[in-house]
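A, B, ... follow the sequence lines: proteins, then strands. Residue 1 opens every chain.
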Amino acid sequence: MSGPRFRIAPSPTGYFHVGGARTALFNWALARRLGGTFVLRIEDTDAERNRPEWTQGIVDALAWIGISADDPHFEGPYFQSEYAQQHVAAAQRLVEAGAAYYCDMTAADVEARNQAEGNQGYQGWSRDRGLGPGPGHVLRFRVPAGTTIVRDVVRGDVEFDNALIEDFVLLRGNGSPMFLLANVIDDVSMRITHVLRAEEHLSNTPKQQMMWQALGHQPPVWAHLPLLVNEQRKKISKRRDKVALEQYREEGYLPEAMVNYLMTLGWTPKGVEIQPWSQMESEFLLEDVNHSPAFFDLKKLAAFNGEYIRKLSCEQFLAACRPWLLASDAPFPAERFDEQVFLAMAPHIQPRCVTLADAAGVVDFLFLADPVVDEEAWAKTFVSADAVAVLHDVVAAYHLLTEWTAEALKSSLAAVGETRGMKLGKAQAPVRVSVTGRTVGPPLFEALEVLGRTETMRRLRAAEAALA
RNA sequence: GCCCCCAUCGUCUAGUGGCCUAGGACACCACCCUUUCAAGGUGGCGGCACGGGUUCGAAUCCCGUUGGGGGUGCCA
């Protein structure tokens, strides 16, 4: 009746960390494959952070990468929640079991005594003083003698000497629970069987394991995932790095690409790297997870995203790009956007996009009353008299065209270029700059075809006039 | 300081004692294709941190060194 239970517990701090997303994906893959339960517990023992909009943000970010909790647990202000009561009650049970004791020393007291005695850390001074609860009294865990062996599926057995672990605080002087306590109690009460999290938590695991045992429970399966680092090889952080999953969504990364890339950080799919979720889900094994930190490489993410964009059908591509195409800060007004024109150009736009946001900039000239002219490109192109002459010839030739198709436009311009000894590559430049405002862009003749005869001729003549 | 983790091309990694002259992907470079720019194709550059063992044989096992990271809060 009770299968494996996995849980992620992101803190609602206003954004969802990509590292958290990777952890969530690993948990999700296992929960799905093993027919387990995915528990989402958005928590923070600081009530200030449990803001509903931040909590919703995490739910949305998870939904974006295809994850929806089987068993969600959110809360409002922590101190008024049932969870806080549970945590305090559990601490009480620890006291009764003799696994925790009260201490009236402040941090300053501890430091002073260490100074005097040349020690480091809290030395269990209040262990046998028989103090009861009271204002300013913290509750400390009584770390037993011996060693603690953490059985980690990805790292193997890791041994810790308990003598080196101080009697850590469970309840603050004001009676509020510490995160470490809250975390363990939630895991225990939610019957979590597998704890997968980043490696930064490995050092705290013996403390948590001792608490599980003191509470009379078998510890869960531990799995510490390699850290995600930046180019300086440091843990990626909000301050220095782009860590918010939401930001990647806003910049036009496809969730499938993001998921695929995130999965390759610390784990390698069999065969090719780019593969559908269903396959990764069926192959993911904790035992195959790497041990060393992984660099979150934007360039590789971009490559994945480009590949996923190219795999989209035209209709899917349009649907995916629509928010950026119709955005208020798009390079053209939303009312001038034409889906049919976009669809016609889509196959040429896709290979030119790294993100969905790039599309608008590739096709802007199609939806603008007048193209935005890049002055430098214009000057460079029309510095030669030949270019100006080609433009005149093309206007004349296009005027006489009976068929307004990419093929016809191309051969007509090729013929014009030939009379002046120019290859197509050179001859198309003046037309491209006149019509699109730039020297680079999607294939010209296809663009002219969808732009239409009237508008193309208008722009070509406007360019002629400007040059005169 | 103490504890813990980690160590293969620039990056992500394959590799679990002979299939390794170390394979792939991203990045980079060159060429091809080509109406510009992309995309695509072909090829190239480039790595087992170091020192000792063990072994007939080591990227792979052991020890040490060095280097990197994480933890060590009345933060989460």
Side-chain angles (χ1 to χ4, degrees), chain A residues 9-11 13 43-46 49 103 105-108 110 120-122 136-140 150 152 154-156 158-161 163-166 168-180 182-183 198-207 224 226-227 229 231-235 261 264-274 290-304 306-307 309-310 347-354 358 362 377 381 406 409-410 413-414 417 423-429 431-433 436 438-447:
Chain A
S11 170
T13 50
E43 74 170 347
D44 199 306
T45 54
D46 176 349
R49 292 180 164 186
C103 171
M105 292 176 74
T106 63
V110 172
Q120 211 146 40
Y122 179 77
H137 291 198
V138 299
L139 184 71
R140 287 181 180 273
V150 173
D152 188 294
V154 347
R155 272 151 223 285
V158 185
E159 197 173 322
F160 295 87
D161 181 355
L164 268 11
I165 300 172
E166 68 174 28
F168 51 96
V169 174
L170 263 17
L171 255 29
R172 296 186 183 84
N174 65 6
S176 64
M178 294 283 289
F179 173 76
L180 207 63
N183 198 253
E199 197 213 305
E200 52 186 310
H201 293 107
L202 183 55
S203 295
N204 285 325
T205 307
K207 294 181 186 174
H224 288 90
L227 234 37
V229 299
E231 49 275 89
Q232 279 90 234
R233 307 250 100 212
K234 306 239 193 258
K235 184 168 77 164
Y261 178 62
T264 67
L265 260 22
W267 177 70
T268 311
K270 299 270 172 270
V272 293
E273 282 183 311
I274 303 271
N290 279 299
H291 297 184
S292 31
F295 171 53
F296 189 86
D297 188 352
L298 273 326
K299 281 193 174 162
K300 188 144 183 176
L301 205 214
F304 271 50
E307 190 155 334
I309 285 178
R310 273 170 250 131
H348 306 299
I349 307 168
Q350 281 173 267
R352 272 160 259 259
C353 290
V354 167
D358 292 340
V362 176
T381 303
L409 290 159
K410 179 181 176 181
L413 195 148
K423 289 197 168 169
L424 231 202
K426 185 142 194 218
Q428 55 97 43
V431 176
R432 181 181 291 281
V433 173
T436 74
R438 285 187 292 259
T439 51
V440 300
L444 183 61
F445 307 109
E446 285 76 0

> Does C28(B) have a Watson-Crick or wobble mate here (both distances under 3.5 Å), and if so which one?
Replying inline: G44(B)
>> How many whole angstroms separate atom CG of Leu171(A) from atom C1' of G73(B)?
In response: 16 Å
> Looking only at side chains, do Ser292(A) and Asn290(A) share a donor and an acceptor under 3.5 Å apart?
Replying inline: no
>> What's Phe295(A) touching, base or sugar-phosphate or nothing? Going by heavy atoms closer than 4.0 Å.
In response: sugar-phosphate
> Hey, does Arg233(A) reach any base, or is it just sugar-phosphate, or nothing, if we go heavy atoms under 4.0 Å?
Replying inline: sugar-phosphate
> In the structure shown, which nucleotide is the Watson-Crick or G-U wobble counterpart of C20(B), with both distances under 3.5 Å?
Replying inline: none
> In whole angstrom, what separates Leu265(A)'s CG from U11(B)'s P?
Replying inline: 14 Å
>> Are Phe296(A) and Tyr261(A), when compared by the centres of their aromatic rings, separated by less than 6.0 Å?
In response: yes
> Heavy atoms under 4.0 Å, any strand shown: does Phe160(A) hit a base, just sugar-phosphate, or nothing?
Replying inline: sugar-phosphate
>> Using a 4.0 Å heavy-atom cut-off, does Glu307(A) contact any base of the nucleic acid, only the sugar-phosphate backbone, or nothing at all?
In response: nothing
> For Ser11(A) and Arg310(A), take the nucleotide of RNA chain B holding the closest heavy atom to each; which residue's nucleotide lies nearer the 5' end?
Replying inline: Arg310(A)
>> Applying a 4.0 Å non-hydrogen cut-off, can you work out what Gln350(A) is touching in the nucleic acid: base, sugar-phosphate, or nothing?
In response: nothing
> Which part of the nucleic acid does Glu200(A) contact within heavy-atom distance under 4.0 Å: base, sugar-phosphate only, or nothing?
Replying inline: sugar-phosphate
>> In whole Å, I'd like the distance from the CG atom of Asp46(A) to the P atom of C75(B).
In response: 10 Å
> Looking for any heavy atom pair under 4.0 Å, which part of the strands does Lys426(A) touch: base, sugar-phosphate only, or nothing?
Replying inline: nothing
> Could you give the CZ-to-C1' distance, from Phe296(A) to C26(B), as a whole number of Å?
Replying inline: 14 Å
> Are any of the side-chain nitrogens in Lys300(A) or Glu273(A) under 4.0 Å away from the carboxylate oxygens of its partner?
Replying inline: yes
> Can you find a donor-acceptor N/O pair under 3.5 angstrom joining the side chain of Lys300(A) to the base of A25(B)?
Replying inline: yes
>> Could you tell me how far apart Phe445(A) (CZ) and C37(B) (P) are, to the nearest whole angstrom?
In response: 14 Å
> How is Asp44(A) classified with respect to the nucleic acid when contacts are heavy atoms under 4.0 Å: base, sugar-phosphate, or nothing?
Replying inline: sugar-phosphate
> If you find the nucleotide of RNA chain B closest to Gly266(A) and the one closest to Arg155(A), which residue's nucleotide is nearer the 5' end?
Replying inline: Arg155(A)
> How far, in whole Å, is G68(B) from U54(B) if one measures between their C1' atoms?
Replying inline: 28 Å
> A59(B) and A49(B): how far apart are their P atoms, nearest whole angstrom?
Replying inline: 10 Å
> Base, sugar-phosphate, or nothing for Thr439(A), non-hydrogen atoms under 4.0 angstrom?
Replying inline: base
>> Can you measure Lys270(A) atom NZ to U13(B) atom C1' for me and round it to whole angstrom units?
In response: 12 Å
> Who is the Watson-Crick or G-U wobble partner of U72(B), with both distances under 3.5 Å?
Replying inline: G1(B)
>> So Pro226(A), base contact, sugar-phosphate only, or nothing? Heavy-atom distance under 4.0 Å.
In response: nothing
